[in-house]
Amino acid sequence: MSSNRGSFSGKIGFVLAAAGSAVGLGNIWRFPYLAAKYGGGIFLLVYVALSVTFGFSLMVAEIAIGRKSQVSAIGAFGALNKRFSFLGIMASVVPIIILPYYSVIGGWVMKYLAGFTVGQASEMAQSDYFGNYIGSVGEPLLWFAMFMAITAVIVLFGVEKGIEKVSKVMMPVLVVLILGIAIYTICTMDGAWEGVAYYILPDFSNFSIMTVVAAMGQLFYSMSLAMGIMITFGSYMKKDISIAKSATQIEIFDTGIAFLAGLMIIPAVFAFSGGDESALGQGPGLMFVTLPKVFDSMPGGTIIGTAFFFMVFLAALTSAISLMETIVAMFIDKLNVNRKISCLIVLGICVLIGIPSSLGYSLWSEVTVLGMQLLDFFDFASNSLLMPIVALITCIFAGYVLKPKTLVEEIELSGKFNQKAMFSVVIRYVAPICILLILASSVLSAFGVISI
Ligand code: TRP
């Protein structure tokens, strides 16, 4: 495995590739709807606080584990300590759950891209358009299949370089578009400033444990933590590139884009709902319902909307590619199959999990697990259950088995590590305790033991 380990083309190469995988639907689709639902400013505050302490430490730990072991996630823990081989396997299950439903949403994005391209902007801006669309059976499945197929074809031909190149162009364009749309909405629409206030100013009366649960799940998801991705990236990283600096850059970038996406969507929700706060709690549909209205109302909206959905499509695609690449590489290693067969197996799994996720909004809308629709359930199972468990054991592994000192040595191979003290304390004490509490509350509430 490690024999043909390539490495990124330089400092920026690593950060861009990691950012390309980190920035995706998580930032643009998932973050704004969670922020809207779980209290606005208070969610933002909790998220940023968790991100600079906890997210940073976990990301640094994962990259260092990868670079030290020089093998990808599934083998990295085992390579450093035999008894922890199981953790590599657990971490690798996460992308298998995420990729299928991620592709369902990737399909939604493609549908909107296609619609805007052929000039259906005002149709798509109708309030019930999105609900009717995901409530239909065939079309969402078709777009899901298309998104999957594009991802699979790219992965089949082997890609790392491609992701770097696409990210380099896509990221700046995406940022400019999001910023432009946000400024347009805030400056021209009545009620938008209220949305800005709701989003930026923390209101402590909106705080609940759910705010923390959701923020932490989102942190894992958005930064691609607790699933071995950063470990794999670390294994490709050259020894003279600073882990601490790279982690900081990826984090600022990832959180920055998520923040801007919220700024683009939440004020628009306020502007279009005329003060009806229930619009904030819509969940997964938020972006698809709100943004088309913004585009429909702005001059040149069709073109801007098309460009926007195209960039989101690219962001989703780069993320899906790296999700799929992880799983494919793992099957090649573990099942001793070639790339083609491995891709086929992954496609099979995606069909198995993706179809129910999509049908959960139409044919099977009656089917719920623990009171959640199927897509929400897969999202919950990975973000609120499996990832916290993997993160918890990773902290125990890094903090007590390897010891922070070993990782700090690895990190300092490429320069000073200023946050050394915080890193050790967070990994050993703060993170495990917080994760445990959060895990307990999300499990107990899912099973209806407590309500939070
Ligand atoms: N971080 C990605 C996003 O924000 C989603 C994601 C989660 C991901 N895990 C990943 C992407 C692993 C690539 C690889 O959309």
Side-chain angles (χ1 to χ4, degrees), residues 1-7 17-18 21 62 65-104 106 144-145 147-163 220 224-237 317-357 378 381-383 385-387 389-391 393-394 397:
M1 171 79 211
S2 50
S3 56
N4 58 357
R5 189 146 293 270
S7 57
S21 115
E62 289 198 8
I65 288 174
R67 195 169 75 177
K68 188 168 175 60
S69 66
Q70 286 289 304
V71 283
S72 60
I74 199 163
F77 294 102
L80 298 174
N81 186 317
K82 269 262 155 310
R83 281 181 309 155
F84 278 78
S85 308
F86 76 96
L87 189 54
I89 298 172
M90 268 175 79
S92 308
V93 173
V94 179
I96 301 182
I97 304 179
I98 292 186
L99 179 61
Y101 83 81
Y102 201 84
S103 305
V104 171
F144 155 69
F147 186 86
M148 263 325 329
I150 297 175
T151 310
V153 167
I154 300 176
V155 170
L156 194 56
F157 291 108
V159 276
E160 270 83 37
K161 289 289 163 215
I163 297 192
F220 294 138
S224 313
L225 295 173
M227 60 181 86
I229 291 279
M230 287 298 158
I231 296 180
T232 308
F233 272 120
S235 73
Y236 289 112
M237 189 186 200
L317 190 65
T318 50
S319 291
I321 290 169
S322 89
L323 275 166
M324 186 160 175
E325 175 65 32
T326 320
I327 314 172
V328 166
M330 172 175 85
F331 286 167
I332 293 178
D333 273 6
K334 292 287 147 185
L335 306 179
N336 261 326
V337 290
N338 64 25
R339 185 165 269 272
K340 224 193 221 149
I341 307 272
S342 181
C343 279
L344 280 176
I345 303 176
V346 176
L347 274 179
I349 298 175
C350 285
V351 167
L352 272 182
I353 304 185
I355 291 183
S357 307
F378 289 125
S382 52
N383 294 291
L385 290 183
L386 209 48
M387 283 149 102
I389 295 174
V390 172
I393 308 177
T394 306
F397 178 70

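Note that the structure is a prediction, hence the values are computed from the model and not measured. One-based numbering along the sequence shown.
When atom types are taken as modelled, the side chain of R339 and the backbone of V155 share a donor-acceptor pair closer than 3.5 angstrom. Not one N or O on the side chain of E62 forms a donor-acceptor pair closer than 3.5 Å with the backbone of I229.
How far CG of L352 is from CD1 of I96: 12.0 Å, rounded to the nearest 0.5 Å. Note that CE of M230 and OG of S235 are 12.0 Å apart. Values are rounded to the nearest 0.5 Å. A distance of 11.0 Å separates CG in L87 from CD1 in I74, rounded to the nearest 0.5 Å. Taking SG of C350 as the start and CZ of F144 as the end, the distance is 6.0 Å to the nearest 0.5 Å. Between the CZ atom in F233 and the CZ atom in R67 there is a gap of 15.5 Å [rounded to 0.5 Å]. Between the CE atom in M90 and the CD1 atom in I389 there is a gap of 5.0 Å [rounded to 0.5 Å].
Residues F331 and I349 meet the side-chain proximity criterion, which asks for heavy atoms closer than 4.5 Å. The shortest distance between side-chain heavy atoms of S319 and Y102 falls below 4.5 Å. Annotation: side chain of F77 is in contact with side chain of I65 (closest heavy-atom distance under 4.5 Å). Proximity of V346 to L99: side-chain heavy atoms (C-beta onward) are separated by under 4.5 Å at one or more points.
Contact between M148 and S103 at its shortest, heavy atoms only, is SD-OG, 3.3 Å. Annotation for F147 and A320: closest pair CE2-CB, 3.6 Å, computed over non-hydrogen atoms. Nearest heavy-atom pair across Y101 and S357 is CB-OG, 3.8 Å. Contact record, G354 with P100: N-CB, 3.6 Å, taken as the closest heavy-atom pair. Scanning all heavy atoms of the two residues, the minimum distance from A91 to G228 falls at CB-N, 4.0 Å. The shortest non-hydrogen separation linking P95 to L323 is CB-CD2, 3.7 Å.
Evaluated for a side-chain contact (heavy atoms from CB on, under 4.5 Å) with M227, the options T232, I98, I97, V93 yield exactly one hit, I98. Partner of S342 under the side-chain contact (heavy atoms from CB on, under 4.5 Å) criterion, out of I327, L156, I332, L347: I332 alone.
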Steps toward side-chain contact (heavy atoms from CB on, under 4.5 Å) verdict (I154, L317) | CA-CA 10 Å; I154 300 176; L317 190 65; 4.0 Å; yes
Go through the steps for T394 and L225 under the test side-chain contact (heavy atoms from CB on, under 4.5 Å), then give the verdict.
-> CA-CA 10 Å; T394 306; L225 295 173; over 6 Å; no
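The aromatic ring centroids of F84 and F397 lie less than 6.0 Å from each other.
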